[in-house]
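Lettering follows sequence order; numbering is per chain, from 1.
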Protein chains: 2
Amino acid sequence: MPPCRARYRGDGWAGGRPGRIRRFIEPAVLLLLHQGPAHGYGLAEGLQALGLGDYPVDVSAIYRALYHLEALGMVTSRVEAEGSAGPPRRIYALTEAGDAYLRAWIEDLRATERLLRQFLEAYDAHTRSHNEPDGSPTRFSEGDAR
Amino acid sequence: MPPCRARYRGDGWAGGRPGRIRRFIEPAVLLLLHQGPAHGYGLAEGLQALGLGDYPVDVSAIYRALYHLEALGMVTSRVEAEGSAGPPRRIYALTEAGDAYLRAWIEDLRATERLLRQFLEAYDAHTRSHNEPDGSPTRFSEGDAR
DNA sequence: ATAGACTATTTGTTAACTGCAAATAGATAA
DNA sequence: TTATCTATTTGCAGTTAACAAATAGTCTAT
């Protein structure tokens with residue numbers, strides 16, 4: 001038996017469908033707060049409008065992002081004085097540090113967007129040149145032990 | 001003491017610098033293999049060329065991605081018959097399933113790229129309209145307990 | 001030879017992100 | 001009272017990746 005090369009932990013999306021690139025929640029929350037104070041539940045709806053509609057985000061992730069950002073000093077919160085049709089809301093607002101942090105995130109996302117474009121362009125360029133009429137050019141061939 | 005709202009696990013990048021959006025390794029490996037069979041160490045160099053140069057990727061992640069893809073039947077491997085300046089290389093190649101999987105990834109990444117553009121556009125639009133002359137419009141103000 | 005440098009693969013550990021499920025709780029309507 | 005809606009909180013488990021280090025083959029210089 002070969003040394004059983006280290007398993008990936010878990011086995012992925014057994015269904016075969018890739019998941020989206022992650023880590024959008026934090027910058028999305030920051031962007032929404034950049035547009036004005038809000039509470040967790042409201043942010044969940046705001047995410048839809050931001051284009052995240054196809055990728056529903058669990059509210060627990062939003063609250064955890066908020067707690068994290070507050071611990072880092074990127075947002076502050078205060079309990080809303082009445083007015084909710086439920087338990088008291090906690091309203092979050094960006095701090096100046098949070099504003100700077102969002103700007104850093106934006107720069108990072110711009111770089112990511114460029115990378116993504118470059119990546120997709122590389123794929124398109126390669127498939128254009130090999131517009132495979134039939135055969136599959138990257139597979140191993142019969143005596144391919146070179 | 002309030003019910004100590006659930007901590008984020010860990011404490012983030014204490015330094016304050018955001019990390020990049022993740023999950024690039026698998027599609028990057030697939031794309032490189034789409035261009036022809038390769039071994040793990042070689043893929044590590046290929047990633048630089050793909051634009052990942054700014055974000056160095058640990059080789060262990062590459063190998064684990066390969067093991068995972070092989071378990072899923074997306075790639076096949078064979079040990080190279082001699083020719084290495086080191087231990088025998090294991091050469092990986094895309095299968096047809098892997099080809100389809102890459103196409104699915106590409107579609108997913110196109111959607112992500114659109115989302116990212118939309119996101120950045122929303123930020124730019126909002127900062128353009130509020131090109132804050134001085135004050136910070138999203139902060140809490142003095143008697144802001146509404 | 002043997003020590004060091006380089007190529008190449010493998011493994012362990014841990015942190016971090018997220019989804020799913022469910023508990024909790026106030027307000028309001030049937 | 002029960003149900004429903006709004007809203008927050010927590011537990012848990014699965015997935016991804018960085019960091020560190022072990023292993024091992026080949027080649028060059030001493």
Side-chain donor-acceptor pair present, B/Tyr123, A/Gln35, cut-off under 3.5 Å: no
Salt bridge (Lys or Arg N to Asp or Glu O under 4.0 Å) between B/Arg103 and B/Asp99, intermediate numbers included: CA-CA 6 Å; B/Arg103 280 195 295 275; B/Asp99 219 78; 3.0 Å; yes
Would you kindly give the [atom1]-to-[atom2] distance between [X] and [N], to the nearest whole Å?
| X | N | atom1 | atom2 | result |
| --- | --- | --- | --- | --- |
| A/Ile62 | C/dG19 | CD1 | C1' | 12 Å |
| B/Asp58 | D/dA17 | CG | P | 11 Å |
| A/Tyr63 | C/dA22 | OH | C1' | 15 Å |
| B/Leu72 | D/dT15 | CG | C1' | 13 Å |
| B/Tyr41 | D/dT26 | OH | P | 16 Å |
| B/Leu43 | C/dT7 | CG | P | 16 Å |
| A/Arg90 | D/dT9 | CZ | P | 6 Å |
| B/Tyr92 | C/dT10 | OH | C1' | 10 Å |

Whichever of A/Gly42 and B/Gly86 has its nearest DNA chain D nucleotide further upstream toward 5': A/Gly42
Closest-nucleotide 5' rank along DNA chain D - winner of A/Gly40 and B/Pro87: A/Gly40
A/Arg64 (side chain) and C/dG19 (base): donor-acceptor pair under 3.5 Å: yes
Closest nucleotide among D/dA18, D/dT8, C/dT9 to the B/Val59 side chain: C/dT9
Side chain of A/Ile25 (C-beta onward), nearest among C/dT18, D/dG25, C/dT9: C/dT18
Contact nearer the 5' end of DNA chain C, comparing B/Ser60 with A/Ala85: B/Ser60
Point-to-point distance, once rounded to the nearest 0.5 Å, from OH of B/Tyr101 to CG of B/Leu72: 6.0 Å
Parallel, tilted or perpendicular, as decided by the 30° and 60° cut-offs, for the rings of A/His126 and B/His34: perpendicular
